[in-house]
There are 2 protein chains.
Amino acid sequence: MAASTLTEVARLAGVSPATASRVLNGSARKPGQDIAERVRQAAESLGYIPNAQAQGLAKSSSGLIGLIVHDIADPYFAAIARGVQEAAREQRKMVLLATTGGGPAEEREAVAAFAARRADSIVIAGSRSCRAEDRDGNAELAAELDRYCRNGGQVAVVGHPVVGATADEGYHVVRVPNQELAGRLATELAGNWDGDFVVVGGPEGLLTSDDRVRGFQEGLERAGRRPAEVLRSAFNRSGGYDAGLELAARIKAAPHGDGDAAAGKLCIFAVNDVMAIGAAAALRSEGLRIPRDAAIAGFDDIETLRDFRPALSTVRLPLEEIGRLATRATGPRPAGENGDTAEGVSPGEVTGEVTLRRSTEAAA
Amino acid sequence: MAASTLTEVARLAGVSPATASRVLNGSARKPGQDIAERVRQAAESLGYIPNAQAQGLAKSSSGLIGLIVHDIADPYFAAIARGVQEAAREQRKMVLLATTGGGPAEEREAVAAFAARRADSIVIAGSRSCRAEDRDGNAELAAELDRYCRNGGQVAVVGHPVVGATADEGYHVVRVPNQELAGRLATELAGNWDGDFVVVGGPEGLLTSDDRVRGFQEGLERAGRRPAEVLRSAFNRSGGYDAGLELAARIKAAPHGDGDAAAGKLCIFAVNDVMAIGAAAALRSEGLRIPRDAAIAGFDDIETLRDFRPALSTVRLPLEEIGRLATRATGPRPAGENGDTAEGVSPGEVTGEVTLRRSTEAAA
DNA sequence: TTCCCGTTGGCAAGCGCTTTCCGGAAGTAG
DNA sequence: CTACTTCCGGAAAGCGCTTGCCAACGGGAA
């Protein structure tokens with residue numbers, strides 16, 4: 001038994017499909033009370049569920065929002081996804097999920113798949129890369145996005161614009177002031193830390209990571225400190241762990257216990273919380289203690305990680321809000337705004353907050 | 001400029017739409033080489049992207065897998081989602097996400113929405129409830145699922161079958177031996193813990209929680225221990241926190257320091273890791289230390305929480321695998337199995353592993 | 001050379017819904 | 001009572017794609 005169709009409902013109600021459609025699936029024209037009631041009853045008794053595909057085909061719009069993330073199990077993306085999901089609900093749309101692992105090629109593929117499904121909008125949450133080997137991939141991704149926008153699609157990108165994207169309509173960016181916030185973190189840290197700083201960054205060319213590294217260095221400079229050495233590794237926990245191992249070795253090798261003890265201690269800034277946790281785990285596995293032997297700070301303020309001890313100093317980012325904003329930016333223009341706001345309305349800029357906790361306390 | 005259509009491609013290539021369709025979108029009949037090449041070129045030059053909605057309508061299948069979770073930002077669900085996503089990719093399908101907060105009404109709605117989109121299958125990851133107030137909701141959910149299955153849909157549920165679902169075709173359950181594993185955890189814990197046990201459970205009627213509580217009690221009994229008191233609160237971190245606060249008060253009020261010190265200490269079993277972390281945070285905020293003042297154990301072995309200190313004793317569940325299995329169960333039957341296997345093939349049962357760590361070490 | 005079968009491309013009929021357009025009925029004014 | 005507007009239901013034309021069926025064609029066997 002196949003699902004029942006609008007036509008069947010119409011027949012049962014003794015009206016034309018056109019009328020049934022007008023009654024059941026929102027239309028400007030509202031048929032008469034009695035008829036409407038008959039149709040509704042018929043639909044009810046048949047357990048009618050409109051075929052969204054057919055509706056989409058007829059109206060050329062699908063009620064779908066495509067979301068692209070690196071990895072849905074990463075709490076950073078999961079938090080954003082929650083926001084997206086929420087906003088989608090407001091718009092009475094469903095979320096189509098694609099996880100890409102971060103490669104531009106996979107992202108392009110995902111965009112194409114969303115386009116094929118005629119998704120009304122696409123939210124790209126992954127961090128952009130500008131590595132040389134991603135040049136072609138980025139170009140293709142940009143081309144795909146441009147095409148999607150030209151066909152009326154709405155795109156929102158979190159963080160950075162896609163390298164090379166030129167669409168001017170339907171293309172929104174939720175900017176995250178990574179650089180500025182990292183700078184603020186650096187200056188605040190410098191305020192109560194005398195030793196040297198080390199940065200544990202993601203692979204070079206990862207825009208988010210690069211921004212945070214750059215901002216941190218600038219902050220140090222403003223505070224009159226010398227620039228931090230930068231270690232590069234994978235942008236996830238295991239990358240942080242690896243870097244942590246290396247740093248642990250150095251710390252243990254360094255002379256300590258003399259008069260210059262405080263100055264010799266390291267403050268590690270990992271460009272995201274997950275890496276910071278990895279680094280902390282590595283230090284700990286080497287017998288080092290935080291913040292006694294080294295301080296450590298992260299970025300993002302991942303919720304699940306807030307119970308970590310010692311509490312991690314970090315920069316709080318309103319992840320959920322970011323997802324919501326991005327999604328709303330792609331949605332229908334909020335009503336009641338005529339000509340007042342600029343045409344290319346900024347989709348919103350979010351802000352974060354430096355949050356110093358136990359992991360960077362100077363007192364050992 | 002709207003996206004180009006098959007017809008346009010066909011015209012450009014000088015063939016009929018039928019032929020173009022056969023060339024571009026997999027069909028049994030393969031047109032001749034030269035024609036195929038012409039069509040492919042035309043498609044390429046137009047940047048043709050097939051309209052999945054139209055395809056779906058014509059073939060009545062959408063290439064969509066619906067996933068229902070309580071909250072995508074909860075690491076438990078995020079991990080399952082990753083597995084689902086992976087398996088979906090294997091099947092060349094996309095994942096449609098619905099987060100429901102756990103209510104049967106919302107779940108029913110989500111199922112209906114998936115049905116409307118003609119999702120090929122649905123994976124329900126949320127924990128089932130059998131509370132009295134959910135009776136009606138569950139019944140409606142079951143009815144909706146039955147209808148979906150009768151129309152050829154495939155459903156996989158993680159954990160427990162939906163209460164009242166009767167579909168026998170296309171309805172799969174990935175069983176998680178919560179009860180047994182909780183039992184094993186209890187006996188192992190009882191092996192090196194002399195004090196009393198307390199269980200921090202979710203609201204009564206949450207099947208997953210109930211199973212774990214029951215199993216734990218059974219395990220205690222097998223170990224010759226007296227049953228644990230059960231505290232109920234929300235099935236998330238804040239629920240754990242609340243319970244933790246209450247327990248902290250008791251612990252502090254209890255007489256200690258006498259000869260019976262060890263026997264007076266509490267071992268807390270929270271029915272999931274997130275609650276356990278919450279409880280631990282509460283204890284800590286009250287100045288208590290783990291495992292010195294109280295031991296604590298969780299369930300699930302959430303990846304993000306593994307770096308938590310003291311390391312949390314728990315039961316490892318192969319969350320990703322569960323997602324994968326559930327999804328595969330709904331997919332096309334693996335080829336090459338004729339009559340050999342039973343008709344109603346079991347979709348797979350997973351197993352977990354008790355993992356004792358620092359948080360329940362007896363030595364203070 | 002003739003007949004028959006196997007291929008291969010095209011025609012056309014949907015898939016289930018929306019929406020434009022049209023005709024008739026009802027309502028209003030003159 | 002007639003003329004004009006308004007409103008409302010229905011007929012029909014798609015939306016973009018798939019697929020069953022048919023006709024034409026080519027080749028091998030007789």
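Lettering of chains follows the sequences in order, A, B, ..., and the numbering in each one begins at 1.
At a threshold of 4.0 Å, the pair B:E86-B:R82 does not count as salt-bridged, since none of the basic side-chain nitrogens sits closer than that to a carboxylate oxygen. At a threshold of 4.0 Å, the pair A:E140-A:R135 does not count as salt-bridged, since none of the basic side-chain nitrogens sits closer than that to a carboxylate oxygen. A salt bridge links B:E90 with B:R328: at least one charged nitrogen is closer than 4.0 Å to a carboxylate oxygen. Under the 4.0 Å criterion applied to side-chain N and carboxylate O atoms, A:E8 and A:R11 are not assigned as salt-bridge partners.
When rounded to the nearest whole Å, the span between CD of B:Q55 and C1' of C:dG14 equals 16 Å. One can place CG of A:L24 at 14 Å from P of C:dT19, the figure rounded to the nearest angstrom. Remark: P of C:dC15 and CD of B:Q53 are 18 Å apart, rounded to the nearest angstrom. As a whole-Å value, the separation of B:L46 CG from D:dG16 P is 14 Å. Here the P atom of nucleotide C:dG16 and the NZ atom of A:K59 are 17 Å apart, to the nearest Å. In this structure, B:N51 atom CG and C:dG16 atom C1' are separated by 14 Å, rounded to whole Å. Atom P of nucleotide C:dG16 and atom CG of B:L57 are separated by 7 Å, given to the nearest angstrom. When the P atom of C:dC15 is taken as reference, atom CD1 of A:I49 falls 19 Å away, rounded to whole Å.
A donor-acceptor pair is defined here as one N or O able to donate and one able to accept, closer than 3.5 Å; no such pair exists between the side chain of B:R118 and the backbone of A:Q53. Under a 3.5 Å cut-off, the side chain of B:S60 and the backbone N or O of B:L57 do not form any donor-acceptor pair. The backbone N or O of B:R89 lies less than 3.5 Å from no partner atom in the side chain of B:R92, so there is not a single donor-acceptor pair.
Residues forming a side chain to side chain contact (heavy atoms under 4.5 Å, CB included) with A:Q85 (at least two apart in sequence, or on another chain): A:V95, B:L97, B:T99.
Using a 4.0 Å cut-off on heavy atoms, none of the residues of residues 110-120 of chain A approach DNA chain D.
Contact annotation for A:T5: backbone-only contact, meaning every heavy-atom pair under 4.0 Å involves sugar-phosphate atoms and none involves a base.
Between the side chains of A:N25 and A:Q55, at least one donor-acceptor pair of N or O atoms lies under 3.5 Å.
For the OP1/OP2 pair of C:dT18 and a distance below 4.0 Å, the side-chain nitrogens and oxygens of A:N25 include at least one atom meeting the criterion.
Closest to the A:S21 side chain, of the nucleotides D:dT19, C:dT18, C:dC17, is C:dT18.
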Practice task
Mark up nucleotides 9-14 of chain D, 5' to 3', with B wherever a protein heavy atom is under 4.0 angstrom from a base atom, S wherever such an atom reaches only the sugar-phosphate, and - elsewhere.
Solution key: BBB---
